[in-house]
Asks: 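Quick one: the structure is below, questions incoming.
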Amino acid sequence: MANKSVTAIAHPNIALVKYWGKLETTLNLPATHSLSITLDKLETRTSVIFDPDLQQDQIKIAGHIAGTDFSARIRNCLDQLREQTASKLFAQVDTTNNFPTAAGLASSASGFAALITAANGALGAPLELRDLALLARQASGSAGRSLFGGYAIQHRGSKDDGSDSFAEQLYPAEHWPLEVVVAITNTARKTTSSSAGMLHTATSSPYWDNWMAQSDPDIAIAKAAIKTGDFTALAEISEASCMAMHAVMQAARPGLIYWNAATVDLIHLVRSMRASGIAVFFTIDAGPQLKAVCLPKDAAAVAAQLGSTPGVVETIHCQLGAGAHIVN
Ligand code: PMV
């Protein structure tokens, strides 16, 4: 089945219980469990064809032949896939995002989920979903979660070989159709990658052990809140996990800060909206964008208020989306 171009779409996911830090870097073993929701609207679209005439992988990002860090990570990921499927073929990869890349909008999650799904498809689907989740985790700790729609969990795992550190779906989107307003405050690429920031945090933050110890209880609370649809409980635990992730990195030496002034204004705005009865909470990743998670009835009001905040350049209103899938 080589020589067939396969295209896949994957959506970014945003973590409500955060992943930050690695136990091991070769297998990319996360230091924490994480729990996420997959968004619709934002998407990565990736086409892969394995070609016997190629002497090396040819990678185009947004239409340009790429020589970036990201293309090296794509090659690495394809190497793992070839190793597992005993394929010797190189690939032509064409990948495009319909949203800003490397700006705290989970482009690596959707990017690797789309790549792995398309590449496996182009090889005739030799690998099962569980194998794809393990491969995705190795490429990017948040990518396995984007293989799944709705609510997903990435297990930290406890085995040295990483075989129990995989993502899986907790619930489909229909279980509890929350909505998300993404407030973009700056579309520039971040200056410290997540991987570099995680390493710096683990090696220099005095709060590191507390951050890791909090993962088990936080995941249990978030799972229970989602199971019963308890918005207040999910709001509290999600904001706590987000603030703790930023606190542990801000306490690193020197401290790492991904926020700008508008991010801070938006945190206060979301909390005052919630105090006034609007069902909304925030989460923020390794970038200055704020994601406001809300009930569908409140989404229009949330989008209007976030959109009129100084410093917000765009808002994107998302519903929960599907997992990575092949489209041709
Ligand atoms: O998968 P990475 O290396 O891009 O890590 C992303 C980590 C956060 O987005 C900041 C948090 C998370 O759990 O997604």
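Indexing begins at 1, ligand by ligand and atom by atom, following the structure's order. Quick caveat, the model's predicted, so the values are computed rather than measured.
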Asks: So between S194, A136, G111, whose heavy atom ends up nearest atom 3 (O) of ligand 1?
Replies: S194
Asks: What part of R73, side chain, backbone, both or neither, has a heavy atom within less than 4.0 angstrom of ligand 1?
Replies: neither
Asks: Got a donor-acceptor contact below 3.5 angstrom from the K190 side chain to the A286 backbone?
Replies: yes
Asks: Is any side-chain heavy atom of R253 less than 4.5 Å from a side-chain heavy atom of P206?
Replies: yes
Asks: Need the ligand 1 atom indices (1-based, order shown) with element for anything under 4.0 Å from a heavy-atom of S142.
Replies: 1 (O), 2 (P), 4 (O), 14 (O)
Asks: For ligand 1, which atoms, with element, lie under 4.0 Å from some heavy atom of A15?
Replies: 12 (C), 13 (O), 14 (O)
Asks: Can you check whether F112 and F70 have ring centres sitting under 6.0 Å from each other?
Replies: yes
Asks: Give me the nearest non-hydrogen protein atom to atom 4 (O) of ligand 1 as residue plus atom name, then the distance to 0.1 Å.
Replies: S108 OG, 3.0 Å
Asks: Using a strict 4.0 Å threshold on nitrogen-to-oxygen distance, state whether K4 and D51 make a salt bridge.
Replies: no
Asks: Pull out every atom of ligand 1 sitting under 4.0 Å from any heavy atom of R145, numbered as shown with elements.
Replies: 12 (C), 13 (O), 14 (O)
Asks: Going by the order shown, which atoms of ligand 1 are within less than 4.0 Å of some heavy atom of A286?
Replies: 10 (C)
Asks: Using a 4.0 Å cut-off to any heavy atom of M198, which atoms of ligand 1 qualify?
Replies: 3 (O), 5 (O), 7 (C)
Asks: Assess whether atom CG of D160 is packed by more than 12 heavy atoms of other residues, nucleotides or ligands within 6.0 Å.
Replies: no
Asks: Kindly assign one of parallel, tilted or perpendicular to the pair F166 and H155, based on the angle between their ring planes and the thresholds 30° and 60°.
Replies: perpendicular
Asks: Among protein heavy atoms, which lies nearest atom 9 (O) of ligand 1, and at what distance?
Replies: D285 OD1, 3.4 Å
Asks: Atom CZ of residue position R75 - does it have more than 12 heavy atoms of other residues, nucleotides or ligands inside 6.0 Å?
Replies: yes
Asks: When you compare the side chain of I9 with that of T44, does any pair of heavy atoms fall below 4.5 Å?
Replies: no
Asks: Give the numbers and elements of all ligand 1 atoms closer than 4.0 Å to a heavy atom of W20.
Replies: 10 (C)
Asks: Which ligand 1 atoms are under 4.0 Å away from a heavy-atom of Y19?
Replies: 1 (O), 5 (O), 7 (C), 8 (C), 11 (C), 12 (C), 13 (O)
